[in-house]
2 protein chains.
Amino acid sequence: MGEETSMNKLREYLEKRGIQPSFHRLKILEYLMTHRTHPTVESIYKALSKDIPTLSKTTIYNTLKLFLSKGIVWGLTIDENEMRYDFNTEPHAHFKCVKCGRVLDVSLELPLLESIEGHKVMETHLYLKGICKDCLKR
Amino acid sequence: MGEETSMNKLREYLEKRGIQPSFHRLKILEYLMTHRTHPTVESIYKALSKDIPTLSKTTIYNTLKLFLSKGIVWGLTIDENEMRYDFNTEPHAHFKCVKCGRVLDVSLELPLLESIEGHKVMETHLYLKGICKDCLKR
DNA sequence: ATTACTGCAAATACTTTGCATACCG
DNA sequence: CGGTATGCAAAGTATTTGCAGTAAT
């Protein structure tokens, strides 16, 4: 299974959702699928602009907004200042370390409600904050 | 029980936590205790500057940062762009309506963990997003 | 007198917008 | 050709910082 094949799969993935599979969009999608570190726009930009020097942050913002609207990614607001993006898999909770700043997945069941107290629920986010395993060791 | 008495209670509340009870701090604390609408810096500023024309946003930022560090308020990042502040009572979940923008309390039990997967947990936030009861009616 | 609180203005950081250019069917 | 994607620069918005003036102990 070469690079061609996997890129074709990504192309198909986007087309199935009515999105034109441009080069940049494919690369951003690939990055999100292979880096489950809840990257920010900044970190995606830093990583991809090495290989794609012409890539702009505007394109990343545009692409992520498009992906959000199609449900391809989730936006995490666990960070006070900047948005983080998570490729959409099964619902799971997130843990943010206040020391090293990383955001980690934790397997903790989310209450999956259709409605609560008369309000229609569309998204559920469970955020934990504290000190991660690695930082505790120091 | 007059206004004097309740202000004295607030003064006592701050002193007990090692905070000098300045006039501005008392007013901001009073606002947070009586307005459980998860206000932003902007909305606190708009509300209080009517009575206190000299009040600046910097002071509100300073005061909220101080209150956060003392555990008097919680910072909610349910909003993508701006921080909301919640007077610290028992843990509870929050619901944000994507139509009207309000953030409401909902009574839903939070998983209160001391640690998970080796990480030390210090804060837990459960955020729901959707369409509120009132907006559904329209 | 010393320390701490306040507030203006400037700086910073993230995100959005306007518009011209480039790409693609 | 015509519509869309891209990217630069500017604008917008939330927050922080530097610093000077003011109040409090």
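Remember, it's a predicted structure, so these values are computed and weren't measured experimentally. Side-chain atoms are counted along with the backbone in the values below, which use heavy atoms only and exclude waters and symmetry mates.
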Would you say A:Tyr127 and B:Leu113 are hydrophobically clustered, going by side-chain heavy atoms of ILVMFWY under 4.5 Å? no

Whole angstrom value for the distance that separates C1' of D:dT15 from OH of B:Tyr45: 15 Å

It should be established whether A:Ser22 places a side-chain nitrogen or oxygen under 4.0 Å from OP1 or OP2 of nucleotide D:dA5. no

d(CG, A:Leu55; C1', C:dA22) in whole Å: 15 Å

Lys/Arg N to Asp/Glu carboxylate O, A:Glu12 vs A:Lys9, below 4.0 Å: no

Over how many whole Å does the gap from B:Phe23 atom CZ to C:dG7 atom C1' extend? 16 Å

What do you reckon, is NZ of A:Lys120 surrounded by more than 12 foreign heavy atoms closer than 6.0 Å? no

Apply side chain to side chain donor-acceptor pair (under 3.5 Å) to A:Glu30 and A:Ser6, showing your working. CA-CA 9 Å; A:Glu30 185 189 34; A:Ser6 71; 5.0 Å; no

Starting from C1' on D:dA5, measure out to CD1 on A:Ile28 and report it in whole angstrom. 11 Å

Using a 6.0 Å cut-off, check whether atom CD of B:Glu114 has over 12 heavy atoms from anything other than its own residue. no

Assign a letter to each nucleotide of nucleotides 14-19 of chain C from its 5' end: B, base within under 4.0 Å of a protein heavy atom; S, sugar-phosphate only; -, no contact. SBBB--

With the side chain counted from C-beta on, respond yes when B:Thr40 and B:Met83 share a heavy-atom pair under 4.5 Å apart, and no when they do not. no

Select base, sugar-phosphate, or nothing to describe what B:Thr40 touches, counting heavy atoms under 4.0 Å on all strands. nothing

For D:dG7, does OP1 or OP2 lie under 4.0 Å from any side-chain N or O of A:Ser56? yes

Figure out the CG/C1' separation between B:Leu48 and C:dG7, and round it to whole Å. 16 Å

What's the CG-P distance between A:Asp79 and C:dA13, to the nearest Å? 15 Å

Less than 4.0 angstrom between a side-chain N/O of B:His24 and OP1 or OP2 of C:dC5, yes or no? no

With side-chain contact (heavy atoms from CB on, under 4.5 Å) as the test, would you mind laying out the steps for A:Asp86 and A:Val73 before giving the verdict? CA-CA 5 Å; A:Asp86 198 11; A:Val73 294; over 6 Å; no

Mind calculating the distance between CD (A:Glu80) and C1' (D:dT16) to the nearest angstrom? 14 Å

Mind calculating the distance between CG (B:Leu66) and P (C:dC5) to the nearest angstrom? 8 Å

